[in-house]
Amino acid sequence: MREMDKAFDFKTAQTRWYAQWEDSKIFEAQPESGKKPWSIVIPPPNITGNLHMGHALVFTLHDILTRFKRAQGFDALWVPGVDHAGIATQVVVERQIKEAEGKTRHDLGREEFLKRLWQWKDQNQGDIENQLRRLGASVDWTRKRFTMDPDLNKAVRKVFAAAYKQGRIYKGPRMIQWDPASQTALSDLEVKYVEKQGKLWHLRYPLADGSGQLVVATTRPETMLGDTAVAVHPEDERYKAFVGKMLKLPLTGREIPVVADEMVDPKFGTGCVKLTPAHDPNDHAAGKRLHLPSITVIGFDAKMTAEAGAAYAGLDRFECRKKVLADLEAQGLLEKIEDYTHQVSVSDRTGCVLEPLVSEQWFMKVDEAAKAALASVRDGRIRFTPERWATVWEHWLNNIQDWCISRQLWWGHRIPAYTCLGCGHLMVEEEAPDTCDKCGSEKLEQDPDTLDTWFSSALWPFSVFGWPDETRDLKRYYPTSVLITGYDILFFWVARMVMSGLLWTDEVPFRDVYFNSLVRDEHGSKMSKSKGNVIDPLETMEEFGTDALRYSLAAMAAPGTDISLSKSRLEASRNFCNKLWNAARFVQMSLTPDVTLAVEPELGEAEYWMAARMKDALERTTQAIEEFRFHEAAEILYHLVWDDFCATYIELAKVTLQQGTTEQKAAILHFLDILLRALHPVVPFVTEEIHEAVMSERLVPGEPSFLAARSWPLDHPMLQKKGGNPELMPKFQEALSAILRLRAENGIDPGKRLPGFTTLKELEVFLDGFKSMAKLESLSFLDGDLASPSRAVSVVGGGLVALELAGLKDPAADRAKLEKELEKLEKEATPLRERLADENFVNKAPQVAVDKMRGQLREKEGRLAKVRALLG
RNA sequence: GGGCGAUUAGCUCAGUCGGUAGAGCGGCUGCUUUACACGCAGCAUGUCGGCGGUUCGAGUCCGUCAUCGCCCA
């Protein structure tokens, strides 16, 4: 048997176990086991980066649930994997190649560029997988997936082709958000609005007939080159006369009409709005309504086009702004400039200011699927935790727009659409056709674009199981049991998975969705590289231990509130692991080899109490985990270990540990075993390490040798035993703390043993423990009055305890203390008396509440009487 | 502009069914008590953001205001 170190060495423990677990295949699903399946799929991390604290949280919660369900006897499966993350990855790798070799992706060509991306993917996937192992994630590596695996690609092609044939996917020119930095279209969700200090420029547009002018206000003067009208509100008296007249658009010589439209806010700016249908979503809509022409003056490269005129063509849009303003100024057409704070749309990924442009893209209609998704939450097929996200869900799905799914990227699932170079016929097929089905030509060209990453992510809960093939895994593990993810991807991912699941599998993809919190720094600020307050999970695991990190995250994961992670919190968790370690060490040191889990334990009063506490704690823990209240589970177990097991039970059992029978000691061993099994899902390393040191040679034959493979201890026979007097322990604890308080109040040297007295016969049961914990030389049981000038006395529930101080006592201080106690008790009793004297309360409140209060008052009165008696 | 959330001990946060407020950390006092100083014993700490309402009773339910944060437009 290995001697346990004085302190838990987490660095050793957390490197020892994972490979052994993995080798023993205990994390692998057992489809043939006959157990009930339980499954969860990982929110696949992007291959662009390492795992951050947010991942550590999500995966810790995943692992707690998975280990818990596995222990409960489910065939638990956690499917791991990574996501290709189209834009993010392509941008990163492009930048890297540019820096290293000075080449663009076009220099390399599509094939070579993709080769590099796959290399990058392999490298990063490996890193991420190792980080998951470091965290202890009990995933089934035999089922790991990548969003661009061939069978997942097959699912994507299948869905795309089917949706196209159903008319759910269409291609067409529409105004989209274009990211000039990554050279691709984006969906509405990938647009971020940032507040910027800008200007509002007031521009003069003269009437064509020279009879006057209108002044328009704009934040983007460069777009004026593409204006095709100026709009005013139809009821705006100031401008009614202008409607229908023509304006001479400065710098272009073009004539544009003044039009009336309800969308104009007369109170904004001058009340005249320039319309640039080619470069603004609102203007685009207005242009369609009013049948205005659309002139594209900014290209996909964010430079001015030839349409902008020879003077501006080729200029960057922001350079052009300067020139346009200078030219207008020179012509006296710049009326005024105001400071103005406004929202600018930027790419969520690259931060580049987006350009709304009309472009030919692929879109997916989602209105029908959105209705189905709404219904699935409304009727409870999917439950959200916290529930309030259902409101946000409702709002978004009720206002959903068609989804732009094509991206002008090379990294991603290539769109399975083929154009015949012979006749121009477009074919969308799951498998690439050889010939044009219209003209028979063999010259076909696949659409160069790829799909939005979220298109494949949306299929993840079933594509990982081999859908569309009716695989064994699909039948067994789909729909999955739970989804755990951040609320920030409610729309991006959760909504799209639900819609896709309902559309393609006729099932909701998961029963429960738990939205985890955001991990912030110790002051509640968001972690960010620029603030320098990022706490790295790997460093944290090195400094405090993986278990400490996991415990901290679990303990703070109250649903719906963000987590403020601090060093002091991590220290507390590390201390907790060490506490457990030392309790186990102490037990182990006292056990002879004959004490094993096969020995039928013998229970005394302390054991009955401990068993009852454990049963209660485990019932509450089980329920807490099942309802995703991880923080509650962590807290219950913390107090069970520290307060009940260590501070009370082990202290009482010290005598047993030294002199007890094999059967008595077996009880202690069983308690420790139960604790290890209960704590394992949260802190797998320290518990497995203890399990090896203490249990490995004491297991019942046939029990798994790994703690990770053992069962949830709720049904443990020890916990079902009834017996003992449940009132003893509370009395013991109160008496003990009363004595300890008397010692402290009287400044007794902690090591000094003194004679004690009590009227509480119940203490007899725990005599040895009481004497040792209260540092008593002796304990005498007396009836009635314990008071004596040499003794300090304290009133406890149901009796008195006293300490012989023999000359160490200060009578005046003693009396003052009792008077203070009297005052305190009166203060507590008074409101109780008043409430009970109130007829309203007694008549209207439920009987239980009244009875409870009467009981409380009776208790206070009892103490009061005793204190008064002591005061004489 | 619309919606959501938060406001509780010095700090970070729990608080389920409305029954009279808790944890961790920190603070103070004292301890090399033979599992653990990553520990032990003891002590202190609250106008539960403000105001109003419902109720016998409100941290909890309703209304309103304030401050902060997030999402959407």
Side-chain angles (χ1 to χ4, degrees), chain A residues 4-8 10 188-189 191-193 281-282 343 386 388-392 394-396 399 487-488 490-491 517-518 520-526 544-545 548 551-552 555-590 620 623-624 627 629 631-632 634-635 638-639 642-643 646-647 650-651 654 657-658 736-737 739-753 772-775 828 831-832 835-836 838-846 848-853 856:
Chain A
M4 292 172 75
D5 294 339
K6 198 173 170 190
F8 171 52
F10 56 81
D188 300 341
L189 280 181
V191 180
K192 244 181 113 169
Y193 295 90
N282 288 325
Q343 305 278 324
R388 67 183 156 85
W389 289 107
T391 325
V392 185
E394 282 279 333
H395 186 259
W396 188 70
N399 295 287
Y487 56 77
D488 50 329
L490 174 64
F491 309 138
S517 324
L518 237 57
R520 298 168 173 276
D521 77 358
E522 58 193 308
H523 302 295
S525 309
K526 224 169 174 169
F544 299 97
Y551 183 84
S552 297
M556 303 205 67
T561 50
D562 288 344
I563 291 175
S564 300
L565 191 65
S566 63
K567 294 236 169 195
S568 66
R569 190 86 204 185
L570 290 160
E571 271 170 20
S573 303
R574 178 202 60 193
N575 296 353
F576 173 63
C577 294
N578 191 54
K579 186 74 182 177
L580 179 68
W581 174 265
N582 270 289
R585 175 168 173 258
F586 184 54
V587 170
Q588 190 236 26
M589 287 192 315
S590 322
R620 288 185 295 128
Q623 199 181 354
E627 291 167 7
R629 297 195 311 271
H631 69 301
E632 223 175 278
E635 196 186 300
Y638 186 98
H639 288 113
W642 205 301
D643 300 343
C646 294
I650 287 192
E651 288 299 331
K654 275 181 174 170
L657 280 171
Q658 281 165 15
L736 175 62
S737 66
I739 292 277
L740 291 173
R741 204 175 303 122
L742 288 176
R743 295 182 66 103
E745 281 165 353
N746 288 286
I748 306 299
D749 184 73
K752 191 170 175 68
R753 294 192 174 267
S772 112
M773 291 167 85
K775 294 278 180 297
E828 286 167 357
L832 293 172
R835 299 286 288 132
L836 286 164
D838 182 353
E839 276 181 38
N840 262 329
F841 173 68
V842 178
N843 293 336
K844 292 188 182 173
V848 278
V850 179
D851 287 347
K852 195 177 156 196
M853 205 165 281
Q856 285 171 350

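All of these numbers come straight from a predicted model, not from anything done at the bench.
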Tell me the interatomic distance from [X], atom [atom1], to [N], atom [atom2], rounded to whole angstroms.
| X | N | atom1 | atom2 | value |
| --- | --- | --- | --- | --- |
| A/Trp389 | B/C4 | CH2 | P | 12 Å |
| A/Tyr487 | B/C72 | OH | C1' | 15 Å |
| A/Phe544 | B/C38 | CZ | P | 13 Å |
| A/Glu394 | B/C72 | CD | P | 17 Å |
| A/Asn399 | B/A73 | CG | P | 9 Å |
| A/Met773 | B/G42 | CE | C1' | 15 Å |
| A/Met556 | B/U12 | CE | P | 11 Å |
| A/Tyr193 | B/G2 | OH | P | 19 Å |

Counting primed atoms plus P, OP1 and OP2 as sugar-phosphate and everything else as base, spell out the protein contacts along nucleotides 16-26 of chain B at 4.0 Å heavy-atom distance: B, S or - for each nucleotide, 5' to 3'. ---BB--SSS-
Listed partners of [X] passing salt bridge (Lys or Arg N to Asp or Glu O under 4.0 Å), at least two apart:
| X | value |
| --- | --- |
| A/Lys567 | A/Glu543 |
| A/Lys654 | A/Glu651 |
| A/Glu828 | A/Lys860 |
| A/Asp643 | none |

When the nearest nucleotide of RNA chain B is assigned to A/Lys192 and to A/Leu740 on a heavy-atom basis, which residue is associated with the more 5' position? A/Leu740
Pick the closest RNA chain B nucleotide for A/Arg388 and for A/Cys577 by heavy atoms, then say which residue is nearer the 5' end. A/Arg388
Map every base of RNA chain B to its dot-bracket character, where paired means a Watson-Crick or G-U wobble contact with both distances under 3.5 Å and | marks a partner outside the strand. (((((((..((((.....[..)))).(((((.......))))).....(((((..]....)))))))))))).
Can you tell me, in whole Å, how much space there is between the [atom1] of [N] and that of [M]?
| N | M | atom1 | result |
| --- | --- | --- | --- |
| B/C31 | B/G69 | C1' | 46 Å |
| B/G30 | B/G24 | P | 23 Å |
| B/U54 | B/G15 | C1' | 23 Å |
| B/G63 | B/G27 | P | 43 Å |
| B/A6 | B/U45 | P | 29 Å |
| B/U32 | B/A44 | P | 24 Å |
| B/G49 | B/A9 | P | 8 Å |
| B/A14 | B/G50 | C1' | 24 Å |

Going by side-chain contact (heavy atoms from CB on, under 4.5 Å), name the residues that satisfy it together with [X], two or more places apart in sequence or in a different chain.
| X | answer |
| --- | --- |
| A/Glu635 | A/His639 |
| A/Ser573 | A/Ala548, A/Tyr551, A/Ser552 |
| A/Ala845 | A/Phe841, A/Val850 |

Within residues 580-590 of chain A or reaching into it, pairs that qualify as salt bridge (Lys or Arg N to Asp or Glu O under 4.0 Å) - sequence neighbours excluded: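 Residue pairs passing salt bridge (Lys or Arg N to Asp or Glu O under 4.0 Å), neighbours aside: none found.
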Measuring from A/Arg574:CZ to A/Trp581:CH2, what's the distance to the nearest 0.5 Å?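 CH2 of A/Trp581 is found 15.5 Å from CZ of A/Arg574.
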Using 30° and 60° as the class limits, which term best fits the ring planes of A/Trp396 and A/Phe491: parallel, tilted or perpendicular?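 Geometry flag for A/Phe491 against A/Trp396: parallel rings.
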Would you tabulate the pairs of protein nitrogen or oxygen atoms and nucleotide nitrogen or oxygen atoms of nucleotides 31-35 of chain B closer than 3.5 angstrom?
unit_1 : atom_1 : unit_2   : atom_2 : d
B/A35  : O3'    : A/Arg585 : NH1    : 3.4
B/A35  : O2'    : A/Asn582 : OD1    : 2.5
B/A35  : O2'    : A/Arg585 : NH1    : 2.7
B/A35  : N6     : A/Cys646 : O      : 3.4
B/A35  : N6     : A/Glu651 : OE2    : 3.2
B/A35  : N3     : A/Asn582 : O      : 3.2
B/A35  : N3     : A/Ala583 : N      : 3.4

Without swapping roles, check the side chain of A/Asn578 against the backbone of A/Phe8 for a donor-acceptor pair under 3.5 Å.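 Yes, because the side chain of A/Asn578 sits within donor-acceptor range (under 3.5 Å) of the backbone of A/Phe8.
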Ignoring hydrogens and angles, tell me if any N or O in the side chain of A/Asn746 forms a donor-acceptor pair with the backbone of A/Ile748 under 3.5 Å.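 Here the side-chain-to-backbone pair does not exist.
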Which nucleotide in the list B/C38, B/A73, B/C56 gets nearest to the side chain of A/Asn578?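 Comparing B/C38, B/A73, B/C56 against the side chain of A/Asn578, the answer is B/C38.
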Does a nitrogen or oxygen in the side chain of A/Arg741 sit under 4.0 Å from OP1 or OP2 of B/C43? yes
Going by side chain to side chain donor-acceptor pair (under 3.5 Å), name the residues that satisfy it together with A/Lys852, two or more places apart in sequence or in a different chain.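 Residues passing side chain to side chain donor-acceptor pair (under 3.5 Å) with A/Lys852: none at all.
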